[in-house]
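Structure, as structure tokens:
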Amino acid sequence: MKNKLLAKRYAKALISNLDESEYEDVLNDIKLLFQIFKVNVNLIDTIDSTIYPLKKRIALSSLITENLNKSKIWKNLFTLLVNKKRFFIIFELFTEIEYFILDEQNKVKVNLKIAHKQSKDTLQEISKTIKNIIQKEIILNIQISPEIIGGFVAKTQTLAIDGSVKNNLVKLMNITKI
Amino acid sequence: MKIQPDEISSILKTKINDFKFEIDVSETGKVVQVGDGIARIYGLDNVMAGEMISFPSGVIGMALNLEEDNIGCIIFGETHKIQEGDIAKRTEKILQVPVGDKMLGRVVNALGHPIDGKGDIEADENFAVERKALGIIQRQPVIEPLQTGLKSIDSMIPIGRGQRELIIGDRQTGKTAIAIDTIINQKGSDVNCVYVAIGQKKSSVAKIVKTLEEHDAMEYTTIVAATASESASLQYIAPYTGCSIGEYFRDKGEHSLIIYDDLSKHAVAYRELSLLLRRPPGREAYPGDVFYLHSRLLERASKLNDDLGGGSLTALPIIETQADDITAYIPTNVISITDGQIYLGSRLFNSGIRPAINAGLSVSRVGGNAQIKAMKSVVGKLRLNLAQYNELKAFAKFGSDLDKTTQDQLRRGERLVEILKQDQYSPLPVAKQIFIIFMANEGFLDEVEIENVLKVEEELFNTLDTEYKEFMESMVKDKINDEMKEAMREICKKVMKKF
């Protein structure tokens with residue numbers, strides 16, 4: 001979890017060097033980089049491993065950035081991380097950069113839990129409720145979790161909205177204690 | 001009172017009918033690091049300083065450090081129940097504790113939860129733990145006395161209601177004894193007491209509870225205990241909790257007395273938290289705001305003006321010194337904050353003078369105005385006589401021949417020291433205190449052997465109790481005039497005839 005704090009600092013620095021027009025390119029790059037590192041599970045360990053010479057590790061990280069939209073920025077960032085032996089925070093860094101950019105665009109990623117599969121209309125109704133609370137454009141990531149019994153639970157990085165039947169039943173139980 | 005099953009079902013029905021399905025919205029963060037009673041939380045960007053934070057296991061914390069990308073939070077409870085990655089929620093409430101009349105007679109922890117096994121407390125209100133000290137307009141000068149029942153204090157270092165009087169001394173010099181005696185002496189008066197035990201052994205707290213119960217003093221006393229086995233966070237918050245409980249009575253227009261036993265351990269607990277929160281250490285590794293830690297606490301003691309009910313909160317903080325050094329960091333801080341100090345010397349204690357009050361180093365800066373007129377007119381040169389005696393005593397040790405005046409002064413001093421001795425848990429009514437001091441000052445005891453002084457005192461009190469009850473009551477009402485003094489002399493002569 002400490003990585004998150006570290007990643008936030010790097011993300012802040014990166015964002016301050018970006019122009020608003022570059023945000024979309026960076027977001028697309030992040031999507032691609034996420035895939036690359038998820039598919040090649042050992043890549044992060046290899047780049048971060050001091051067993052291999054520093055120059056080779058920097059070269060390897062630069063290779064990854066070659067075909068990206070903002071290859072120069074990524075190359076510099078990766079080189080810095082390799083030099084500082086902090087390449088292991090890369091996933092947290094992507095998440096933080098994404099969060100910052102979406103925040104700048106008044107958007108937010110929301111993990112939405114619902115008990116059962118819902119119709120399009122119901123989902124729209126839920127997203128409207130969430131949007132009203134958060135006051136931002138939302139990007140939904142839907143999960144089915146029967147343990148919430150009904151209703152929904154929405155979570156962003158800084159907010160939890162609990163409209164589940166489970167939560168209300170717990171509250172009812174506490175109220176009816178005599 | 002028995003509740004019928006029908007009533008229960010109707011209550012339940014109403015509650016279920018009134019229940020509304022709600023959506024809970026709360027700001028959340030994630031626990032980045034946890035341990036040693038401290039948690040670092042990522043997120044919670046809008047959290048307030050001092051705000052309560054709830055963790056999934058039901059543990060409560062308080063935000064203390066608001067940093068750029070994380071917050072430092074102290075945890076009140078079991079740290080091991082919180083794990084890295086746990087969700088921490090904002091409560092949007094500043095830490096509060098229950099207060100009310102039902103707190104009296106109870107032993108509670110630093111969060112105001114009962115720990116005496118006597119069941120839940122139905123609180124009248126909840127008060128924030130950290131409350132701002134009242135302003136100048138809301139206050140009035142200290143004008144009413146708070147009797148401790150101890151001759152040496154009530155005569156030489158009088159304490160007024162709303163005053164902050166420090167009790168300072170080495171370990172085992174009777175600091176707690178003075179505080180407990182003061183609580184016991186409030187029996188039958190209109191003063192409610194709060195005793196805050198910080199970093200003490202559980203057995204010591206249990207002993208205090210037992211003593212107070214034996215003297216029927218628990219009826220008007222609340223004990224807030226944050227013992228040595230509890231976390232530094234709870235020890236840090238305990239005096240503020242006790243203060244809020246005391247303030248409830250003050251704000252109602254009543255009088256209350258709070259004892260912080262002791263603030264040295266409180267400062268140590270705060271130093272521990274500050275170092276764990278990575279705040280920069282200063283002198284003796286205490287953080288920079290250790291003065292503010294105690295000043296904001298002790299400033300809450302006050303005497304309210306009549307428009308606000310005229311209630312008062314008197315504070316008796318205790319500080320433990322090391323090797324009689326009152327010039328250490330925390331002692332000097334608290335001495336400068338309070339309105340005087342009662343200094344207890346270990347040498348005096350070991351030489352059998354108990355309470356071991358050093359009259360030269362003890363002072364009450366505002367209590368003089370609150371001292372009752374009768375006592376004021378009798379005390380006169382008691383302090384001066386004692387100081388002269390102590391000075392001459394040193395010379396007398398050289399063994400040279402002494403003139404009569406010096407010998408008289410020494411004789412008087414010895415007897416004054418003797419009458420100021422007092423057993424533990426035996427506070428005296430102010431009238432009796434006045435009488436015995438008058439007797440010594442007038443020289444009635446000069447011819448009595450030292451070992452018989454206590455016997456004379458006992459006889460005097462017996463005589464007063466049996467024959468002069470009304471006279472005693474009238475005596476304390478106003479200044480003692482010449483007529484009264486003559487009557488007192490007659491009583492003294494009557495007692496002295498028996499010896």
Side-chain angles (χ1 to χ4, degrees), chain A residues 1-13 15 89 92-93 95-96 99-100 103 108 110-113 125-136 148-178, chain B residues 1-35 39-47 53-56 58 65 67-73 82-92 120 278:
Chain A
M1 282 303 289
K2 276 182 203 164
N3 303 351
K4 224 169 174 165
L5 295 181
L6 208 57
K8 194 175 177 180
R9 288 173 204 160
Y10 280 94
K12 258 188 183 174
I15 297 293
I89 64 162
E92 285 91 350
L93 183 57
T95 316
E96 287 302 319
Y99 173 76
F100 272 119
D103 194 50
V108 68
V110 177
N111 290 320
L112 179 70
K113 269 187 195 175
E125 202 62 38
I126 292 172
S127 55
K128 206 175 151 188
T129 312
I130 298 168
K131 215 173 140 182
N132 281 339
I133 294 169
I134 299 176
Q135 297 288 325
K136 277 180 184 175
I148 66 165
I149 307 169
F152 71 91
V153 176
K155 279 181 184 168
T156 70
Q157 202 166 0
T158 57
L159 212 65
I161 304 164
D162 198 337
S164 67
V165 173
K166 187 186 168 186
N167 181 41
N168 277 282
L169 282 176
V170 170
K171 278 203 277 185
L172 185 64
M173 189 177 78
N174 290 333
I175 286 172
T176 50
K177 268 183 193 168
I178 294 177
Chain B
M1 192 182 82
K2 273 188 177 178
I3 300 172
Q4 298 298 320
D6 293 351
E7 284 179 56
I8 295 174
S9 56
S10 77
I11 292 168
L12 285 175
K13 267 183 194 170
T14 332
K15 282 187 173 175
I16 292 167
N17 281 333
D18 292 346
F19 182 75
K20 279 179 188 166
F21 193 92
E22 281 174 346
I23 296 175
D24 288 341
V25 182
S26 47
E27 255 184 77
T28 58
K30 272 190 177 173
V31 178
V32 178
Q33 188 190 2
V34 65
R40 286 202 171 272
I41 300 164
Y42 171 79
L44 300 180
D45 293 341
N46 300 316
V47 78
I53 290 163
S54 73
F55 295 95
N65 262 26
E67 289 169 30
E68 195 186 342
D69 51 9
N70 72 87
I71 64 158
C73 165
I82 302 170
Q83 290 177 335
E84 212 179 287
D86 273 356
I87 300 281
K89 276 187 188 174
R90 267 188 75 180
T91 59
E92 294 180 26
D120 291 342
R278 295 177 181 278

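All values derive from a computational prediction rather than experimental measurement. Numbers restart at 1 for each chain; the letters A, B, ... are given by sequence-line order, proteins then strands. Values below: all heavy atoms of this structure, side chains included; hydrogens, waters and symmetry mates excluded.
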Please classify the contact of [X] with chain B as side chain, backbone, both or neither, using a heavy-atom distance under 4.5 Å.
{"X": "A:Ile161", "answer": "both"}
{"X": "A:Asn168", "answer": "both"}
{"X": "A:Ser164", "answer": "backbone"}
{"X": "A:Val153", "answer": "neither"}

Please name all residues satisfying side chain to side chain donor-acceptor pair (under 3.5 Å) with A:Lys171, sequence neighbours left out, ordered by chain then number.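 Side chain to side chain donor-acceptor pair (under 3.5 Å) check on A:Lys171 returns B:Glu22, B:Asp24.
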
Quick one: side chain to side chain donor-acceptor pair (under 3.5 Å) partners of B:Asn65, sequence neighbours excluded?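 For B:Asn65, the residues satisfying side chain to side chain donor-acceptor pair (under 3.5 Å) (neighbours in sequence not counted) are B:Glu67, B:Arg279.
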
Before you tell me yes or no, could you show the steps for A:Lys155 and A:Asp162 under salt bridge (Lys or Arg N to Asp or Glu O under 4.0 Å), namely the whole-Å CA-CA distance, both residues' side-chain angles and the distance that decides it to 0.1 Å? CA-CA 8 Å; A:Lys155 279 181 184 168; A:Asp162 198 337; over 6 Å; no

Given B:Ile87, B:Thr28, B:Ile23, the one with more heavy-atom pairs under 4.5 angstrom with chain A than any other is B:Thr28

Minimal non-hydrogen separation, B:Val34 against B:Ile82, with atom names: CG1-O, 3.6 Å

State plainly whether the residues B:Asp86 and B:Lys30 are in salt-bridge range, i.e. N to O under 4.0 Å.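 Salt bridge: no.
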
Is it the side chain or the backbone of B:Phe21 that comes within 4.5 Å of chain A heavy atoms, both, or neither? both

Report which part of B:Asp45 has an atom under 4.5 Å of a heavy atom belonging to chain A: side chain, backbone, both, or neither. side chain

